[in-house]
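Below, each value reflects all heavy atoms present in this structure, side chains not excepted, and no hydrogens, waters or symmetry copies. We name chains A, B, ... by the order of the sequence lines, and we start the count at 1 in each one.
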Number of protein chains: 2
Amino acid sequence: MTGSLPLPPGPPDPGKARQALVLSTVGEPEQLRSDAARNRTRLLDAASRLMAERGAANLTMESVAAAAGVGKGTVFRRFGDRTGLLIALLDHREGLLQAAFLSGPPPMGPDAPAAERLHAFGPAVMRHERDHHELILASRTDPLRAYAVPAHRLRLSHVAMLLRGARVEGDTELLAHTLLGSIDAALVHHLTRRRGMPLEALDQGWHDLVSRLGAAR
Amino acid sequence: MTGSLPLPPGPPDPGKARQALVLSTVGEPEQLRSDAARNRTRLLDAASRLMAERGAANLTMESVAAAAGVGKGTVFRRFGDRTGLLIALLDHREGLLQAAFLSGPPPMGPDAPAAERLHAFGPAVMRHERDHHELILASRTDPLRAYAVPAHRLRLSHVAMLLRGARVEGDTELLAHTLLGSIDAALVHHLTRRRGMPLEALDQGWHDLVSRLGAAR
DNA sequence: ACATTAAACGGACCACGGTCCGCTTGCTCC
DNA sequence: GGAGCAAGCGGACCGTGGTCCGTTTAATGT
């Protein structure tokens with residue numbers, strides 16, 4: 001989230017990085033000049049519409065700029081590059097999922113015991129990924145970039161927290177990475193679409209894995 | 001491996017897909033016309049040299065073609081696209097690793113018990129990835145493509161086999177995916193380079209994970 | 001109101017990946 | 001060794017991502 005511009009604006013953030021992560025549910029694009037803010041929303045709307053019409057693969061920066069009625073340079077200034085635009089777009093759609101596990105009702109939300117929340121987390125993420133796979137996959141041009149996306153970092157710290165809450169022993173950060181890896185969008189898509197594995201089998205695999213790591217339901 | 005051309009030549013493979021996977025240690029580029037074969041090796045040599053000189057990011061298809069003394073079209077004909085070239089290049093370098101776990105000495109090779117082989121597998125893969133991270137990361141443009149690379153499929157079926165050999169219960173294919181995901185090149189690079197985690201901690205995490213899945217050493 | 005200035009804008013420009021198609025060349029079969 | 005032909009070749013061509021820089025504009029201070 002944060003819609004932080006990849007390079008142009010630099011890091012004006014003095015000392016609240018930690019809070020920024022916690023608060024980074026869904027994008028507060030930090031203050032922009034009025035014209036810039038207006039163009040930002042125009043661009044996201046245009047991109048969203050074009051993607052729905054012609055698919056992510058056919059989404060060109062120039063067409064987005066034209067549809068939003070701005071110059072191409074403006075798109076790059078705002079989002080850094082094509083991937084940045086796609087990530088910003090994706091960001092818009094993470095709100096519900098994040099609300100569900102941060103503050104929603106049990107079993108995902110904070111009123112359920114940690115182990116239960118953990119068990120509920122995987123299936124919910126996989127369904128979210130199924131629903132947005134085109135955008136997610138399209139935004140994965142650079143394999144390293146995914147780890148820097150705030151939405152991913154939020155998931156990671158959330159899972160690590162749940163592991164600790166469920167009294168799972170060991171390096172919880174590493175285990176969280178492993179758990180998230182097992183429900184990675186690309187893997188899920190590969191297994192369900194190309195290999196024909198039903199999503200329920202993946203749910204089962206998730207529960208099995210979580211249990212083996214020591215978080216009984 | 002197999003260096004099978006992504007699209008142009010089509011699927012002339014009648015009914016030995018399974019054997020092909022098993023045999024696909026390191027590339028037998030199926031029979032090519034003499035000039036094509038010669039150009040193929042020239043191209044791989046040129047690409048390898050240019051990559052060493054200027055880095056993977058600066059490797060352009062045109063420069064490779066020029067360095068090999070062929071036309072640009074030839075490069076695309078042979079490797080399909082840039083990613084195909086990078087994967088073919090990577091293929092060349094997988095030989096030692098594959099030999100080590102397919103037919104090398106214990107603890108990786110076939111003369112050790114399955115659980116022990118499994119424990120030895122992770123650290124070996126991670127070191128291989130560390131040594132070739134630039135090429136591996138550069139070849140990961142399309143997140144789905146990685147699953148289709150024969151080297152990956154070989155690792156997958158190998159790990160699944162070891163899991164069965166170690167009498168691990170459950171969906172071994174799914175578990176193998178999870179295990180491989182936990183030592184994915186991008187993740188390892190992220191954790192060691194960007195997060196400063198020592199590789200030994202990842203080794204430890206691997207042993208821990210394998211043990212929790214039920215393969216005691 | 002006006003001056004000042006940093007930020008935003010936009011489109012010409014460039015480099016690279018990928019395609020296309022007319023030409024050439026190495027194989028196979030007589 | 002020659003004919004026929006599928007495979008290979010190469011470079012002109014095109015679309016798109018990304019950069020650059022001269023111009024415009026919104027905010028701020030007086």
From the options [options], select the nucleotide whose nearest atom is closest to the side chain of [X].
| X | options | value |
| --- | --- | --- |
| Phe76(B) | dG18(D), dG17(C), dC9(C) | dG17(C) |
| Lys72(B) | dA12(D), dG8(D), dC9(C) | dA12(D) |
| Thr74(A) | dA8(C), dG8(D), dG10(C) | dG10(C) |

How close or far is atom [atom2] of [N] from atom [atom1] of [X], stated in whole angstroms?
| X | N | atom1 | atom2 | value |
| --- | --- | --- | --- | --- |
| Phe79(B) | dT19(C) | CZ | C1' | 18 Å |
| Arg77(A) | dA7(C) | CZ | P | 9 Å |
| Leu32(A) | dA26(D) | CG | C1' | 13 Å |
| Arg78(B) | dG10(D) | CZ | P | 11 Å |
| Asp142(A) | dG17(D) | CG | C1' | 15 Å |
| Asn39(A) | dT25(D) | CG | C1' | 12 Å |

* Only counting residues at least two apart or in another chain, list the ones meeting ring pair (Phe, Tyr, Trp, His ring centres under 6.0 Å) with His132(A). => His128(A)
What pairs with [X] under side-chain contact (heavy atoms from CB on, under 4.5 Å), at least two apart in sequence or on another chain?
| X | value |
| --- | --- |
| Asp142(B) | Leu144(B), Arg145(B) |
| Ala124(B) | Leu97(B), Met108(B) |
| Asp131(A) | none |

Expected list for residues 50-75 of chain B: side-chain donor-acceptor pairs under 3.5 angstrom, two or more places apart:
unit_1   : atom_1 : unit_2   : atom_2 : d
Asn58(B) : ND2    : Arg54(B) : O      : 2.9
Thr60(B) : OG1    : Ser63(B) : N      : 3.0
Thr60(B) : OG1    : Ser63(B) : OG     : 3.0
Ser63(B) : OG     : Thr60(B) : N      : 3.4
Ser63(B) : OG     : Thr60(B) : O      : 2.8

* Answer yes or no: is there an ion pair linking Arg155(A) with Glu129(A), defined by an N-O contact shorter than 4.0 Å? => yes
* Could you state the interatomic distance from CG (Leu102(A)) to CG (Leu154(A)), rounded to the nearest 0.5 Å? -> 5.5 Å
* Structure fact -> Within residues 54-67 of chain A, the residues having a heavy atom closer than 4.0 Å to DNA chain D are Leu59(A), Thr60(A), Met61(A)
* **Residue pairs involving residues 184-194 of chain B (criterion side chain to side chain donor-acceptor pair (under 3.5 Å); sequence neighbours excluded)** => Arg140(B)-Asp184(B)
* To do: State which residues pass side chain to side chain donor-acceptor pair (under 3.5 Å) with Arg164(B); sequence neighbours excluded, sorted by chain then number.
  => Thr172(B)
* **Test side chain to side chain donor-acceptor pair (under 3.5 Å) applied to Asp171(B) - qualifying residues, sequence neighbours left out** => none
Mind listing the side-chain donor-acceptor pairs of residues 196-203 of chain A below 3.5 Å, one per line with the distance, residues two or more places apart or on another chain?
unit_1    : atom_1 : unit_2    : atom_2 : d
Asp203(A) : OD1    : Arg127(A) : NH1    : 3.2
Asp203(A) : OD2    : Arg127(A) : NH1    : 3.4
Asp203(A) : OD2    : Arg127(A) : NH2    : 2.8

* To do: Just report the end-to-end axis angle for the helix from dA1(C)-dT30(D) to dC30(C)-dG1(D), five pairs per end, to 10 degrees.
  => 30°
* Do nucleotides 24-30 of chain C as a string where each nucleotide becomes B, S or -: B if the base has a protein heavy atom under 4.0 Å, S if just the sugar-phosphate does, - if no protein is that close. => -BSS---
